[in-house]
Amino acid sequence: MTVHDLRSLGVGKTLTTGEFMVRPADLTAHVESSFLGQVVGTCEECLSTGSFTGGAVSPLPWGRVCPTSVAVDRVLAALAHNEALCGIPVAVRSVGRVRSLGVLLVGEPITAAAELRFRSDRNPGSTHLTLEVEVHHWHAGHRALVLGFEVGLELHAAADPAAA
């Protein structure tokens with residue numbers, strides 16, 4: 001496992017993702033967790049992620065508008081796979097200033113870029129980052145901004161195996 005130097009994450013650094021999408025299973029998991037949150041203890045064992053979509057062979061539901069909260073969660077998951085963050089325990093502390101600038105569809109290819117705006121190393125063993133995130137999709141033959149938000153992350157430094 002690669003040991004990351006958190007000092008390489010300086011203000012102004014941009015983290016990017018490859019192309020990804022909000023999948024039908026992401027939407028289903030959101031619906032089911034919302035439902036379970038409302039009926040805790042009522043037939044929980046009857047539900048499982050994907051039970052409403054008909055399995056993995058169902059086609060991508062183009063045309064279904066993706067809820068903003070689901071899109072934000074999927075974008076954060078994609079950013080966590082960036083090389084600079086991969087393998088580092090990350091906790092989302094806040095999501096704010098969410099701006100929906102268009103319609104994002106389930107199954108639509110999107111990309112994300114996050115610029116590091118603030119960094120704090122006040123607490124030993126952890127680093128707090130504030131990122132400005134932009135989500136783009138292809139519209140009318142060009143890349144267009146569809147969603148923007150700010151996120152606060154707390155990174156916990158992995159123990160250095162050489163120090164043990």
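This one's a predicted model, so the numbers in the text were calculated from it and none came from an experiment. Residue indices begin at 1 and follow the sequence shown.
- In this structure, Ala114 and Leu131 approach most closely via the heavy-atom pair CB-CB, 4.2 Å.
- Between Leu79 and Thr17 there is a side-chain heavy-atom pair separated by less than 4.5 Å.
- A 4.5 Å side-chain heavy-atom check between Thr111 and Thr16 finds every atom pair outside the cut-off.
- A 4.5 Å side-chain heavy-atom check between Phe149 and Val75 finds at least one atom pair inside the cut-off.
- Of the inter-residue distances, the one linking Leu85 atom CG with Leu15 atom CG reads 5.5 Å to the nearest 0.5 angstrom.
- A salt bridge links Glu132 with Arg99: at least one charged nitrogen is closer than 4.0 Å to a carboxylate oxygen.
- Note that the NZ atom of Lys13 and the CG atom of Leu129 stand 11.5 Å from one another [nearest 0.5 Å].
- Every residue meeting the salt bridge (charged side-chain N to carboxylate O under 4.0 Å, His left out) condition with Glu115, not counting sequence neighbours, appears here in chain and number order: Arg117.
- To the nearest 0.5 Å, the span separating NE2 on His156 from CD1 on Ile88 amounts to 11.0 Å.
- Among residues two or more places apart in sequence or in another chain, the side chain to side chain donor-acceptor pair (under 3.5 Å) test is passed with Ser120 by Arg122.
- Expressed to the nearest 0.5 Å, how far CG of Asp121 lies from NE2 of His128 amounts to 11.0 Å.
- Expressed to the nearest 0.5 Å, how far SG of Cys66 lies from CD1 of Ile110 amounts to 7.5 Å.
- Listed for the Arg23 side chain is no donor-acceptor partner under 3.5 Å among the backbone atoms of Met21.
- Taking Val90 as the reference, Leu153, Leu155 meet the side chain to side chain contact (heavy atoms under 4.5 Å, CB included) condition, with sequence neighbours excluded.
- Exactly one residue among Leu104, Asp73, Leu147 makes a side chain to side chain contact (heavy atoms under 4.5 Å, CB included) with Thr68. That residue is Leu147.
- Between the Thr130 side chain and the Phe118 main chain, no donor and acceptor come within less than 3.5 Å of each other.
- The heavy-atom pair separating Pro67 from Leu27 by the smallest distance is CD-CD1, 3.5 Å.
- Residue pairs satisfying the side-chain hydrogen bond (donor to acceptor under 3.5 Å, both in side chains) criterion with at least one member in residues 85-96, sequence neighbours excluded, are listed as follows: Arg93-Glu154.
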Inset, instruction - Evaluate side chain to side chain contact (heavy atoms under 4.5 Å, CB included) for Leu105 paired with Val65, printing each intermediate quantity in order. - result: CA-CA 5 Å; Leu105 303 176; Val65 175; 4.1 Å; yes
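- Clustering of Ile, Leu, Val, Met, Phe, Trp and Tyr side chains at separations under 4.5 Å places Leu145 together with Leu101.
- Between Thr14 and Ala113 the shortest heavy-atom distance is CG2-CB, 4.3 Å.
- Across all non-hydrogen atoms, the minimal contact from Leu76 to Val92 is CD1-CG2, 4.0 Å.
- Contact record, Glu108 with Trp138: OE2-O, 4.3 Å, taken as the closest heavy-atom pair.
- Listed by chain and number, the residues in a side chain to side chain donor-acceptor pair (under 3.5 Å) with His136 amount to none (sequence neighbours excluded).
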